[in-house]
Structure formats: structure tokens, C-alpha cells
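Accompanying notes for the structure given below.
Whatever order the structure lists ligands and atoms in, that order sets their numbers, starting from 1. What you are looking at is a predicted structure, and each value in this text was computed from that prediction instead of being measured.
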Amino acid sequence: MKFIHLSDLHLGKRVNECSMLEDQQYILNEILRIVEEEAPDGILLAGDIYDKSMPSAEAVALLDDFLVRLSRMGQKVFVISGNHDSAERVAFGGRLMEGSGVYLAPVYDGKVEPIELEDGYGTVRLWLLPFVKPIHVRHCFPDREITSYTDALATAVEAMGVDPSERNVLVTHQFVTGASRCDSEDIAVGGTDNVDVSVFDPFDYVALGHIHGPQYVGRETVRYCGTPLKYSFSEAKHHKSVTVVELGQKGDVQIRTVPLRPLRDLVELRGTYEELTFKGFYGGTSYRDDYVHITLTDEDDVPDAVGRLRVIYRNLMKLDYDNLRTRTNLSPVGGASVEQKDPLELLEEFYRIQNGQPMSEEQRKLAKELMEDIWEGEA
Ligand SMILES: [Mn+2]
């Protein structure tokens, strides 16, 4: 049985204030082309379908078109919601669409009914577990002590009653301990959202979403396929792909990737204004259309650099300088940029600037608890 594993489409996402709709439409067409070539038995969509819980009309139209085209190709599609999605909105119409081969995971209520698929080796049980927080699982199992994401997932998996003698595939959306992250994922407070890989032991393959770089965690068959597009400059060196998984008899799982080529690449360039505007450098490259982050190394600011560089690099997304001035002009704590800090670090920094002294350990603990309570309580 052959699946194509996708996740984190983030339809409707804007990167550095720039709409990616055209790029997303293009890459979905590329994916459809790969699906046609690979002729799998199903498509696994492991969450973060949209970028926002209230997706834009354009994003909804993109997904609608994608699902219709897959369905018309005779493909089965299995969709779960991620942390960026509204579980209720992604689940809308799911029971109606099943007849067309589009399975939308219902909102988690403590039960997951497997979808049974048959091939020459027997049955494959496919389990769709949308993104859940400990509070959701606790709500369904009030007698269980659930204090962490690992507890929550272990409880949810145990309740499934997986028969390990059959072949089982799980589609889910979580941060598994040890996965390497990048800037376009959401950072949780104090890094408490990680799940131990051992909770997935009963499954032959775990199709994960959430982490944006393709990788496996713990064993090759617990895998993030990654985003189809680069959604932050920290991903400039990623090679995006779709993952193709083939299950033979029990114990035989083959995994490979098919590269995805975007309409426009997202790249980082560095040099002096003169170097970067030298035709021998940019001529003949695709940088003219790519999304670029330019770091100028000139010691003096170049007047109207953005406007002038955009004549060559029309999709210049970000410009900064790396010179003596920027290197000596460090932020109060230095190190990571605002995007790389978690909310608690940002609050601590704000507190220090406001009060001229760091938070006490007690204040820090209180702030962390409050943040966890507030964020975990969100739908
Ligand atoms: Mn994501």
C-alpha cells in the first residue's frame, strides 16, 4: 500500500507580509502531478492545512480545488487539523465527503475509529488523530493523570486499542522530542509541547506534521514530511519534498522522497551593494524572481537601498546590514532575534527593560504557569 505524505500546507500564509497564494497554487499543481505519476492508494495530510484558524476565502478556495482534483483522480485523501487550524472548521462536511474518498478527521472526542484499507497483504488500519493539547485529552479521560503532551498522546494512543499484529499507520500533528525546528513553526511556552517518540511504538508508520524540515525522529518510520514550500529564511537551505511511503507485508516499510520545485525559491544573499548589483553575479540566475533576504556588508548605509535593489531583485523581502555598526549595536541581551525567542523570554526581557532588574525565580514561575494555563485553554 502506497501513500503520499504531506503536511503543513499553511494555505493563506504570508511570509514577510508577502502573499504566497500564487506559490501555493503552483506547488499544489506540482503535487498533483507527482500524485499522477506515483499513483498512490491515498494522500495523508498531516495538519496545518491552513495558516490560520479563520482562513481567508482564497485559502479555502485553494484547498477546495485541491481536494476536488484529488478526488476526481480517484484518490483517497485523509486530512487532520494541526495547531494552526480550527479542528471544527477542518472537520466541516467530513461525514458527507467520506463518500467521495475525502476523510476529514472529526474533532477529537476520546475515540478514534480506524479507516480500514485492503491490499494483497491484508488490512492497513489508518488512524487520524488531529492535533490535541493535554487539556483536550484530559477532558475525555478525567480519571487519568495527564500533565504533559507525552501523557496526553500516550493516553490517546492507548485508548485506540491498536492491534499490533495488523499494519497500522497514524496521521498526527505534534512536536516529537528531538526534532529540529525552524522559525516558521510556533514556539510553545517553555518548550513543554514535546512528545516522547515511544508513544508511537504500536504504529508501522507515523505520518507527522508540525515541524517544517523533512526528517525522521527516533526511527525512520516516524517522519515529518515538512512543508511543501520554504516559509521562513531559516529554511533557505532546506530541500522540500513529498514523502512516499510503501507498506509491504507487516514490518516492511519503504520510504523515499520526491523533490518539490517551487515557482520562486527563497534565498539569502550576502555581500556589498556593489557585489550584489554586479550583473555577472545576478545575471543568468533566478534571483530576479526569487524571494530574497539580502544582508549588505557595506560599512555605510546605501541610500534607498531597498528601492534600488528591487530593480534587480523584484521580490526582495528583507534587507539588513552586517557591519561594524550593527555588530556593536546589539540588543540588551544580544543573541537570538525576537522571532527566535519564546514568549517567556520576551516577557523576561520586557520586564528587565521596564524595571531595570531581572524577574525573580518566583515571578518567572508564575508567569510561565499563567502562560501555559492561558494558552492551553485556548481552543
Ligand atoms: Mn506548521
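The atom of Asp8 that is an N, O or S and sits closest to the Mn ion (ligand 1) is OD2. For Asp48, the N, O or S atom closest to the Mn ion (ligand 1) goes by the atom name OD2.
Side-chain atoms of Ser241 do not come within 3.5 Å of backbone N or O of Thr257 as any donor-acceptor pair. No donor-acceptor distance shorter than 3.5 angstrom exists from the side chain of Thr227 to the backbone of Lys230, with no hydrogens or angles considered.
Counted within 6.0 Å of CG on Asp300, heavy atoms from surrounding residues, nucleotides or ligands total 12 or fewer; the atom is thus considered open.
Ring geometry for His173 against Phe131 counts as perpendicular: the plane angle is over 60°, on a 0 to 90° scale with 30° as the lower cut.
Counting backbone and side-chain atoms alike, Glu185 contributes no N/O/S atom closer than 2.8 Å to the Mn ion (ligand 1). Taking 2.8 Å as the threshold, His10 counts as a candidate ligand of the Mn ion (ligand 1), since one of its N, O or S atoms lies below it. In summary, His212 places an N/O/S atom under 2.8 Å from the Mn ion (ligand 1), meeting the contact criterion.
Within the 4.5 Å cutoff, the side chain of Pro40 has heavy atoms near those of the Gln75 side chain.
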